[in-house]
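To start, the structure under review is shown below, and the notes come after it.
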Amino acid sequence: MSTHQEPQGPAEPAEAELVRARLRTLAEASGLPVPPMAVDKPRKEDRLPRVGEIDGEQTVLVPRSLLTASPPRQLWYLAACLGRLVSPEPRRRHRLGGLFLVLLLVAYLVLLFAARPPWLWITVLVLYPVGAWALRWERRAMEDAGRSVLAAAGHPPVEVARAAFGADQDPPFLTRLLSPEPAPSRRIAAAEAASGADPSA
């Protein structure tokens, strides 16, 4: 069990302790060091739960909206964050996605100063969905690794996915294209495929 003092904001909601306890239980069930957890500052639009560095430590950063989310949704996102810490695949995808975006930007600059084709503005528009795809690609790797964390803690990933996202409708196509996270149906389907579960069960 971790012995360090975890960062807390000056007015951290009381619900944070319950989320912190769930994170601790998931980590300990997998034999992982318990990472510190911090509640993200209020934002106009919450960020997804993620792993960031605070005072030199890898810290799980959760939005305030997660504190009042359902237990299955909390478990899913916390396990994904632990998956980011234990699996090299999310970090590899993060690097590759960033490299791909840099290459696109370089190509845009070359075209801007060398050829200046009339359709150049389309290249800028492509950066947005490509950037969102890179974030989803990394998030899927986090959730793939997170499913083993859930299973180790006695939470069947398929059941957690269905309970967390089964009532959610997939967003419209354009919203999905620009979203940094997989659609609800994709999350459930990936959990079912990984476990060999019957989708109709």
Side-chain angles (χ1 to χ4, degrees), residues 2 4 6-9 12-13 15-27 30 32-102 127-150 153 155 157 160-161 164-165 168 171 175-184 186-187 190-191:
S2 174
H4 55 254
E6 298 177 352
Q8 296 189 19
E12 187 175 85
E15 297 92 341
E17 271 312 308
L18 180 58
V19 178
R20 189 172 280 112
R22 287 200 167 101
L23 177 65
R24 184 181 305 113
T25 299
L26 288 172
S30 292
L32 304 173
V34 181
M37 189 196 90
V39 180
D40 202 359
K41 63 183 180 182
R43 300 175 185 273
K44 186 178 297 184
E45 184 174 343
D46 279 344
R47 293 180 179 178
L48 289 172
R50 65 197 189 282
V51 176
E53 192 168 296
I54 297 179
D55 296 331
E57 283 193 284
Q58 292 295 299
T59 302
V60 175
L61 297 166
V62 301
R64 289 179 177 250
S65 59
L66 190 71
L67 304 182
T68 54
S70 67
R73 195 176 289 257
Q74 290 177 351
L75 287 169
W76 183 269
Y77 282 116
L78 293 173
C81 289
L82 290 173
R84 176 109 175 38
L85 292 172
V86 300
S87 171
E89 184 62 16
R91 293 187 292 276
R92 185 185 75 86
R93 291 189 182 187
H94 179 79
R95 290 192 299 270
L96 289 177
L99 178 61
F100 188 51
L101 286 172
V102 168
L127 288 174
Y128 289 97
V130 169
W133 168 82
L135 291 173
R136 286 195 306 274
W137 191 45
E138 179 184 349
R139 177 67 54 170
R140 285 197 297 269
M142 290 172 60
E143 295 181 355
D144 288 347
R147 288 195 295 269
S148 64
V149 174
L150 287 171
H155 302 290
V160 174
F165 306 107
D168 295 353
T175 304
R176 291 201 309 272
L177 191 66
L178 301 177
S179 174
E181 59 180 325
R186 289 290 184 93
R187 281 176 156 142

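Values reported hereafter were calculated over all heavy atoms of this structure, with side chains retained and with hydrogens, waters and symmetry mates removed.
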(message) So, applying salt bridge (charged side-chain N to carboxylate O under 4.0 Å, His left out) with E138, which one of R95, R84, R93 is it?
(response) R84
(request) Starting at CG of L177, measure out to OH of Y128 and round the result to the nearest 0.5 Å. (result) 13.5 Å
(message) Just so I know, are the side chains of R43 and P63 near enough to count as touching, which here means a heavy-atom distance under 4.5 Å?
(response) no
(message) What I want to find out is whether E17 reaches R20 closely enough, with some N-O distance under 4.0 Å, to be called a salt bridge.
(response) yes
(request) Carefully, step by step, assess R186 and R136 under the rule side chain to side chain contact (heavy atoms under 4.5 Å, CB included). (result) CA-CA 11 Å; R186 289 290 184 93; R136 286 195 306 274; over 6 Å; no
(request) Locate the shortest heavy-atom distance separating G83 from P90; write the atom from each residue and the value. (result) O-CG, 4.2 Å
(message) Using a 3.5 Å distance criterion without hydrogens, assess whether the side chain of R24 forms a donor-acceptor pair with backbone atoms of V34.
(response) no
(request) Could you tell me whether the side chain of P180 reaches within less than 4.5 Å of the side chain of L48, counting heavy atoms only? (result) yes
(message) Can a donor-acceptor pair be found, under 3.5 Å and without considering hydrogens, that links the side chain of T59 to the backbone of L61?
(response) no
(request) Answer whether the closest heavy-atom distance between the side chains of P129 and L178 falls below 4.5 Å. (result) yes
(message) Are R139 and R187 packed together at the side-chain level, in the sense that at least one heavy-atom pair is separated by less than 4.5 angstrom?
(response) yes
(request) Calculate, to the nearest 0.5 Å, the distance between atoms CD and CG belonging to E15 and L66 respectively. (result) 11.0 Å
(message) Is the shortest side-chain heavy-atom distance between L82 and P35 below 4.5 Å?
(response) yes
(message) Under the criterion side chain to side chain contact (heavy atoms under 4.5 Å, CB included), I'd like the reasoning laid out for V149 against L78: C-alpha separation, chi angles, the key distance, then a yes or no.
(response) CA-CA 9 Å; V149 174; L78 293 173; over 6 Å; no
(request) Kindly determine whether D40 and D46 satisfy side chain to side chain contact (heavy atoms under 4.5 Å, CB included), including the steps that lead there. (result) CA-CA 8 Å; D40 202 359; D46 279 344; over 6 Å; no
(request) Could you go through the side chain to side chain contact (heavy atoms under 4.5 Å, CB included) check for Y77 and V62 one step at a time? (result) CA-CA 9 Å; Y77 282 116; V62 301; over 6 Å; no
